[in-house]
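Below: one structure, written as structure tokens.
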Amino acid sequence: EKIQALLQSGTNLELLEMLTSALGNAGTPAAQKVLVETIADGNIDLRIRTSALVSFAPPMTPSPEAETAMRALVNPKDENNLGTNSLFILGVMANRLGTSDPERSAEIVQDILSHEQAFRDANQTHFFLGALANAGHPSAYEVIIPYLDSPDSHTRVDAVSALGRMP
């Protein structure tokens, strides 16, 4: 509660970024709860909210609440990039759960795949393929393959990267 109050204070942004990083490294359900609340609080400085989002990347077992919060944030048209980067983080979460909870991991990957058209329509294919790269899940193989024929070289590179992360 004290950390949450400090994050809401908006003072000393560098310290607050370090706090979100420490919470991410802790990885406990309580720490993840504070990070989720920070990301969702539109009154908190965007820099701190982004730092909280990125803090889900270190190795940890994501809580179901954190996963639900990330799913709710996905938005390919978000100008602040929280909605696009949340898809990246979902990929990381799927990867983290790959061995400990393969069923939940596969469900997250299916959720990522369900956003393909929305990200394509918003010209955010980079984020979509990046999320699949982060997940490294073989169920995405057939979806990624057509991107290898894209006329855009960046998209082809993203597709190769995603395939390269699969077992």
Side-chain angles (χ1 to χ4, degrees), residues 3-4 7-8 10 13-14 16-27 29 31-98 101 104-137 139-140 143-144 146-147 150 152 154-159 161-162 165:
I3 291 174
Q4 185 67 42
L7 289 167
Q8 292 171 334
L13 295 180
E14 289 180 14
L16 299 180
E17 285 178 313
M18 285 192 289
L19 276 175
T20 59
S21 179
L23 290 169
N25 287 330
Q32 290 182 54
K33 182 178 185 287
V34 172
L35 290 170
V36 165
E37 290 171 0
T38 300
I39 296 164
D41 188 338
N43 294 320
I44 294 178
D45 186 279
L46 179 60
R47 185 170 143 187
I48 302 310
R49 293 170 64 208
T50 301
S51 178
L53 181 73
V54 171
S55 293
F56 276 100
M60 69 169 93
T61 301
S63 68
E65 296 79 14
E67 175 193 331
T68 299
M70 280 308 126
R71 286 184 187 208
L73 281 172
V74 173
N75 177 359
K77 296 179 181 178
D78 180 5
E79 294 177 10
N80 295 322
N81 287 329
L82 292 174
T84 51
N85 284 320
S86 62
L87 200 70
F88 269 160
I89 299 302
L90 279 170
V92 170
M93 288 179 168
N95 188 286
R96 301 281 185 262
L97 292 166
D101 193 342
R104 195 167 143 214
S105 174
E107 288 173 7
I108 293 172
V109 172
Q110 288 308 307
D111 185 60
I112 293 168
L113 292 171
S114 75
H115 293 286
E116 179 183 17
Q117 192 61 51
F119 274 75
R120 185 182 290 183
D121 292 346
N123 292 319
Q124 299 289 359
T125 305
H126 169 73
F127 288 98
F128 173 73
L129 291 171
L132 295 177
N134 285 345
H137 199 279
S139 67
V143 173
I144 297 168
Y147 288 98
S150 171
D152 179 62
H154 291 92
T155 300
R156 291 192 307 273
V157 167
D158 290 339
S161 176
R165 300 280 305 271

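What you are looking at is a predicted structure, and each value in this text was computed from that prediction instead of being measured.
The backbone N or O of T84 lies less than 3.5 Å from no partner atom in the side chain of N81, so there is not a single donor-acceptor pair. Distance alone, capped at 3.5 Å, is enough to place a donor-acceptor pair between the Q32 side chain and the T61 backbone. Within the 3.5 Å criterion, the main-chain N or O of A94 finds a donor-acceptor partner in the side chain of S105.
The two residues I144 and A162 make their nearest non-hydrogen contact at CD1-CB, 3.6 Å. Of all the heavy atoms in S86 and L53, the pair that sits closest is N-CD2, 3.9 Å. Contact between I44 and R49 at its shortest, heavy atoms only, is O-CD, 3.1 Å. Contact detail for F128 and L87: the closest heavy-atom pair is CA-CD2, 3.8 Å. Between R96 and P62 the shortest heavy-atom distance is CB-CD, 4.1 Å. Residue V109 comes nearest to A135 through the heavy atom pair CG2-CB, 3.9 Å, listed as atom of the first residue, atom of the second, then distance.
The CG atom of L132 sits 11.0 Å away from the NE2 atom of H115 when rounded to the nearest 0.5 Å. Considering CG of D158 and CZ of F127, their distance stands at 10.0 Å, rounded to 0.5 Å. Interatomic distance, I3 CD1 to L35 CG, rounded to the nearest 0.5 Å: 9.5 Å. Atom-to-atom distance recorded for I108:CD1 and I89:CD1 is 11.5 Å, nearest 0.5 angstrom. One distance of note links OG of S161 with NE2 of H154; it measures 13.0 Å at 0.5 Å rounding.
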message = Could you walk me through whether L82 and L46 satisfy the side chain to side chain contact (heavy atoms under 4.5 Å, CB included) test, starting with their C-alpha distance in whole Å, then the side-chain angles of each, then the deciding distance to 0.1 Å, before giving a yes or no?
response = CA-CA 9 Å; L82 292 174; L46 179 60; 3.9 Å; yes

Derivation of the side chain to side chain contact (heavy atoms under 4.5 Å, CB included) call for E14 and R47: CA-CA 10 Å; E14 289 180 14; R47 185 170 143 187; 3.6 Å; yes

- Message: side chain to side chain contact (heavy atoms under 4.5 Å, CB included) for L129 and F119? Distances and angles first, verdict last.
- Response: CA-CA 10 Å; L129 291 171; F119 274 75; over 6 Å; no

Could you go step by step and tell me if L23 and L7 meet the side chain to side chain contact (heavy atoms under 4.5 Å, CB included) rule?
CA-CA 12 Å; L23 290 169; L7 289 167; 4.3 Å; yes

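A salt bridge is absent between E65 and K33: the closest approach of a Lys/Arg side-chain nitrogen to an acidic carboxylate oxygen does not fall below 4.0 angstrom.
With sequence neighbours left out, the side-chain contact (heavy atoms from CB on, under 4.5 Å) criterion links A106 to H137. Annotation: side-chain contact (heavy atoms from CB on, under 4.5 Å) contacts of D101 (sequence neighbours excluded): L97, E103, R104. Residues forming a side-chain hydrogen bond (donor to acceptor under 3.5 Å, both in side chains) with S150 (at least two apart in sequence, or on another chain): none. Partners of E79 according to the side-chain contact (heavy atoms from CB on, under 4.5 Å) rule, which considers only residues two or more places apart in sequence or in another chain, do not exist here. Remark: N134 pairs with F88, V92, R165 by the side-chain contact (heavy atoms from CB on, under 4.5 Å) rule, at least two apart or across chains. Partners of T20 by side-chain hydrogen bond (donor to acceptor under 3.5 Å, both in side chains), not counting sequence neighbours, listed by chain and number: S51.
Annotation for L113: atom CG counts as buried by contact number, over 12 foreign heavy atoms lying within 6.0 Å.
A donor and an acceptor atom, one from each side chain of Q8 and D41, are located under 3.5 Å apart.
For the side-chain contact (heavy atoms from CB on, under 4.5 Å) criterion with M70, the lone passing option out of L90, D111, N85 is L90.
Within the 4.5 Å cutoff, side-chain heavy atoms of F56 are placed close to those of M93.
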